[in-house]
Amino acid sequence: MKTTLNCLLFLFFIIPSFLMAQNRVSGTVTEQSSSLPLPGVNVLVKGTTQGTATDFDGKYQININNGDILVFSYLGYITQEITYTGQSTIDVSLVEDASQLDEVVVIGYGSVKKEDLTGAADLVTSEDFNQGPIVSAQQLISGKVAGVSVTSGSGAPGDGQEIRIRGNGSLSLNNNPLIVLDGIPLDSGGVGGSRNPLNLVNPNDIESMVVLKDASATAIYGSRAANGIIMITTKKGKNNEFKFNVTSSTTVHTSVDRVDVLSADQFREVVTTHPNANANTLALLGNANTDWQEEIYATGFGQDHTFSALGSAFGVPMRASLGYSDHDGILKRDNFKRTTASLNLTPTFLEDHIKLELNARGNYTENLFGNRGAIGSASTYAPTQPVYDPNSQFGGYFSWIDSATGFQPSLAGTNPVALLNLVDDEAEVRRFVGNAKVDYKLHFLPDLTATVNVGIDKSNSHGRIITSELIPTADQTWNGSRSTYNNESTNKLFDAYLTYNKTLNDVHNLNAVAGYSYQSFEYDNYSYNSEDEEDGNDFEFYDSSKNVLLSYFGRLNYDFDGKYLVTATLRADASSKLNPDDRWGYFPSVALAWNIHKEDFINSNGFLNELKLRAGYGEVGNVNGLGDYGFLTRYTVSQSSANYQFGNSFYQTYRPDPINEDLRWEIGNTLNIGLDYALLDNRISGSVNAYLKKTKDLIAFVSIDPFTNFGSSINKNIGDMENKGIEFALNLTPIKTDDFEWNINYNVAFNDNEIISLPSDIETGGISGGVGNNVQLHREGESPYSFYVFQQVYDTDGNPIEGAFVDRNGDNVINDADKYLYKDPYADIIMGLNTNISYKNWDLAVVTRANIGNYAYNNVASGNSYLNGVIPTTNNFLWNIHSDYLSTGFENQSDEKNFLSSHWIQEASFFKIDNITLGYTINNAIKDANIRLYGSMQNVATITDYDGIDPEINGGIDNGFYPRPQSFTFGVNIDF
């Protein structure tokens, strides 16, 4: 009986276990974009505590009942839920959650959730960066951010970029924003031989760029934030299996723009019909048909290669990369080579109480600078002469010859090809940027974190310019020249600050930061010139300088229940560039924000995702670009040719430089009101900002009364300026399906810049033509850098009448009193329109920009459109002229008023298609490897009414501009 009972009990327990038997399911979790396994993914049976995690290979096993729901979750990825219906294997591919990736925005000395931002800040991630042959980091965001203008200085590879955030804030100082790379404020000056300070960063290493625009967002950086801030964050390691990336591209650069000058046949006709032509003149005409611009430009080739590894080594997240770029300019003998290396380590210790971030970035650049003097020479050299002359004493290059000396006439231009081939201008630049940042979350007070950040930015360059003894010249004693230079720059940083984070009763959130910062900038420069040595002058020059910035800063962020937010900031800066009495500057800011969409009375039913109202006010300072120790008396040593004789001995003298003991901070005050919005599950999002910025105590280099100082001009606080504008940004996703997605980004900014106080006019904008002519003026009540010209008179057919200008003051005399301010070079409206389309494995990106209301002074035409310029008075060489002469008929360039005619001020508004990129991704082309192939076209088209070579000219004076090339790129990107 007992045995029977035991058997029944056994059957009673075992039968339900069979009926409820769990099945074992296994699978692999991968990352969708790379198809690589994801270790550490949480796999949980929904509604229970039963779960597991994926191993190093992304694999998992779990027991599960029919009908159970498996939840796959991983930080930074969209959680997936899958119902078990008897599958033996469930493989999952997780997708990165863009909303989480964008959630945190890096700001000064910390970061903040995007929804908690109170200032005007724009985040651009690597997914949104511009594509194509990108050499410099600034190009990544061109046209992407409202109110931000990025203009390349020329078409040379790796050349500098002018960045303007909300227009110009200063007259004489640096107007570029502060660049902060992984917490290190970079020195914007660079060293000799460097094309662009930001060339140190391989664009493929950049994860995101944040643009801080208003004073409430930038005041934490005080005196360096007057022109906004760009925070660059590079890619960091992750605590997972190593992933590798290889990018490689080849680019062809072609020249598409030419200065419009007379052709050889047009030139012959003009010379032969010239009223001053004679037998000697006609004898100077050659038989060649040389397009000199064709001779100096050529198709250039470029290549970019980057290899990176990201993962965890011995439990330490790390990322390492190597990069190489080699690009020819379209100007012959112009080349840019760059080798980069970077290493990032982010280990943690003591159960994450200590976090260490180590960044090291090295850069080696080799520059071969094509002689840009050839650009101007090519537009004036006679097209009827050949490039080469076998009888020439100047290396076989054709040259004009003065029969009296047997050398080149002193005023004649030099053969453009000879300028390129007989002048070697080379430089090598080495730069290292590194920092060590330690965050310690105190064990006895976990809400408090102590941070120390130590960094260094060190550059050195070695350059030389060697001019051959064979180059055509008027100097009968010429035997070649050599000049060399060595420059060194050292930027040291020490930051120490405390961060306090506390949440009370789940609704009061407090974040406070207080700290100290010390940054020093040291420069050592040396140069040598062989010509000075031969002439008995001082041939070596040594210059060393140092300036220091000492700072204390604090910031308080408070929000109530995520609805009402306030940020208050104060920074105190002391700069050694200013006198002790005015050295300290105090820069406060305050900002308020209201997350309206979180209010209970808002019932959006999913329609409204974000609606935030912001308002902020702050002050920032500026001494960027100001020389060192201008408040002290400094002495300059005389050259040996100006020594003082005492008896039979000669002594060098020392002369004092001008000083200003009262120089003080240039202060910018900014009021910003903004609105952030997102609708329809973030399918529509963007922002609107209105701002008013007033800069007081403007620093300008101005003339002073004679005998009041040791010179005629000094830097002086002299006026006030105002910028005001409106910015609008719109992100739109009209279509989003599993296979097809279309995104549109549009931004537009309106800016008005006006000098509101200036005791006297300041001339600026030097031009080619005449002696000491300036074509721009700073004047109270007007836009800075406005063109200052004579008003041209036109005939009934709309053609300009030579030498005829409007007598604006009615005194029957045309003189400087009749000049007037007419337009300025800065656009009233700047726009960016970008679109991205993806269909299955295809992707298409188009980047366009527009500037409206900007004007340019066409100095190429104004300085060289006169008939008399064809035959100089010496009558021993000929000079080509601009084809504008054919429409104006201008003859005489001796009257300097002609150079300052409003006729040469031309509207330079434009619409540019910057880039078109088409790509195709092959998933799992090789085991666990994705391959993306793409083709890109840069500088696709420019639509403008401007007559010059390019309407986008820094400063608005077009003279000898190096044309921007049109580039075609084919590339491959491999993730494995």
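Atoms considered below: every heavy atom in the structure, side chains included; atoms not considered: hydrogens, waters and symmetry mates. Starting from 1, each residue takes its place in the sequence as its number. What you see is a predicted model; the values in this text were computed from it and never measured.
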**Prompt:** Between N547 and Y629, does a side-chain hydrogen bond (donor to acceptor under 3.5 Å, both in side chains) hold up when you go through it step by step?
**Reply:** CA-CA 8 Å; N547 69 82; Y629 307 106; over 6 Å; no
**Message:** Using the ring-ring contact (aromatic ring centres under 6.0 Å, His included) criterion, which residues pair with Y221? Sequence neighbours excluded.
**Reply:** Y109
**Asked** Taking side chain as C-beta onward, heavy atoms only, is P825 less than 4.5 Å from Q776?
**Response** yes
**Prompt:** Can you check whether A908's main-chain N or O pairs, donor with acceptor, with N854's side chain at less than 3.5 Å?
**Reply:** yes
**Request:** Look at the side chain of W665 and the backbone N and O of D697, then say whether any donor-acceptor pair between them is shorter than 3.5 Å.
**Result:** no
**Item:** Electrostatic pair E727:R166 at N-O distance under 4.0 angstrom
**Value:** yes
**Prompt:** Has the side chain of N859 got a donor or acceptor atom that lies under 3.5 Å from a matching backbone atom of I957?
**Reply:** no
**Request:** Assess R571 against F587: is NZ or CZ under 6.0 Å from the centre of the six-membered ring, and within 45 degrees of the ring's axis?
**Result:** no
**Asked** For the side chain of N175 and the backbone of S170, is there at least one donor-acceptor N/O pair under 3.5 Å apart?
**Response** yes
**Request:** Let me see the working for R372 and D159 under salt bridge (Lys or Arg N to Asp or Glu O under 4.0 Å), right down to the final yes or no.
**Result:** CA-CA 13 Å; R372 299 192 186 186; D159 214 13; 3.5 Å; yes
**Item:** Note, N227 side chain near N622 side chain (heavy atom, < 4.5 Å)
**Value:** yes
**Prompt:** Taking atom CZ of R431 and atom OG of S194, what is their separation to the nearest 0.5 Å?
**Reply:** 7.0 Å
**Request:** Look only at the side chain of Q161 and the backbone of L198, and say whether a donor-acceptor pair between them is shorter than 3.5 Å.
**Result:** no
**Message:** With a 4.5 Å cut-off on side-chain heavy atoms, are N453 and N435 touching?
**Reply:** yes
**Prompt:** So, the side chain of D824 versus the backbone of Y826: is there a donor-acceptor pair under 3.5 Å, distance only?
**Reply:** yes
**Item:** Electrostatic pair R779:D761 at N-O distance under 4.0 angstrom
**Value:** yes
**Prompt:** For G192, does its backbone N or O pair with a side-chain atom of N487 as donor and acceptor, under 3.5 Å?
**Reply:** yes
**Message:** Return the CG to OG distance between D187 and S459, rounded to the nearest 0.5 Å.
**Reply:** 7.5 Å
**Asked** Below 4.5 Å, heavy atoms only, C-beta onward: do L549 and D573 meet side chain to side chain?
**Response** yes
**Prompt:** Are the side chain of S909 and the backbone of G853 linked by a donor-acceptor contact shorter than 3.5 Å?
**Reply:** yes
**Asked** With a 4.0 Å cut-off, would you call K724 and E754 a salt bridge?
**Response** no
**Distance in Å, N753 CG paired with M721 CE, rounded so as to fall on 0.5 Å steps** = 5.0 Å
**Prompt:** Name the one of Y542, F541, Y485 that satisfies ring pair (Phe, Tyr, Trp, His ring centres under 6.0 Å) with Y526?
**Reply:** Y542
**Message:** Would the distance check show the side chain of D457 and the main-chain N or O of L186 forming a donor-acceptor pair, the cut-off being under 3.5 Å?
**Reply:** no
**Asked** Could you go step by step and tell me if F899 and W904 meet the ring-ring contact (aromatic ring centres under 6.0 Å, His included) rule?
**Response** CA-CA 8 Å; F899 296 117; W904 309 117; 8.7 Å; no
**Request:** Nearest 0.5 Å please: distance from the CG atom of L626 over to the OG atom of S172.
**Result:** 9.5 Å
**Prompt:** For the atom pair CG (N491) and NZ (K458), what is the distance rounded to the nearest 0.5 Å?
**Reply:** 10.5 Å
**Message:** So that I know where these two stand, are F494 and Y518 an aromatic pair - ring centroids less than 6.0 Å apart?
**Reply:** no
**Request:** For a ring pair (Phe, Tyr, Trp, His ring centres under 6.0 Å) with H778, tell me which candidate from F787, Y785, Y788 qualifies.
**Result:** Y785
**Request:** Indicate the ring-plane relationship of Y586 and W584, choosing parallel, tilted or perpendicular according to the 30° and 60° boundaries.
**Result:** parallel
**Pairing of D122 and K213 as salt bridge, 4.0 angstrom limit** = yes
**Prompt:** Which value, rounded to the nearest 0.5 Å, describes the distance between R614 atom CZ and S216 atom OG?
**Reply:** 8.0 Å
**Message:** Check this for me: does any side-chain nitrogen of one of K694 and E619 sit under 4.0 Å from a carboxylate oxygen of the other?
**Reply:** no
**Prompt:** Is there a donor-acceptor pair closer than 3.5 Å between any side-chain N or O of S154 and the backbone N or O of A156?
**Reply:** yes
**Request:** Side-chain contact test, heavy atoms from C-beta onward, threshold under 4.5 Å: evaluate it for N367 versus V429 and give yes or no.
**Result:** yes
**Message:** Applying salt bridge (Lys or Arg N to Asp or Glu O under 4.0 Å), can you list everything that pairs with R224, at least two apart in sequence or on another chain?
**Reply:** none
**Prompt:** Run the salt bridge (Lys or Arg N to Asp or Glu O under 4.0 Å) check on R964 and D950 step by step: do they pass?
**Reply:** CA-CA 8 Å; R964 298 182 177 98; D950 195 311; 2.9 Å; yes
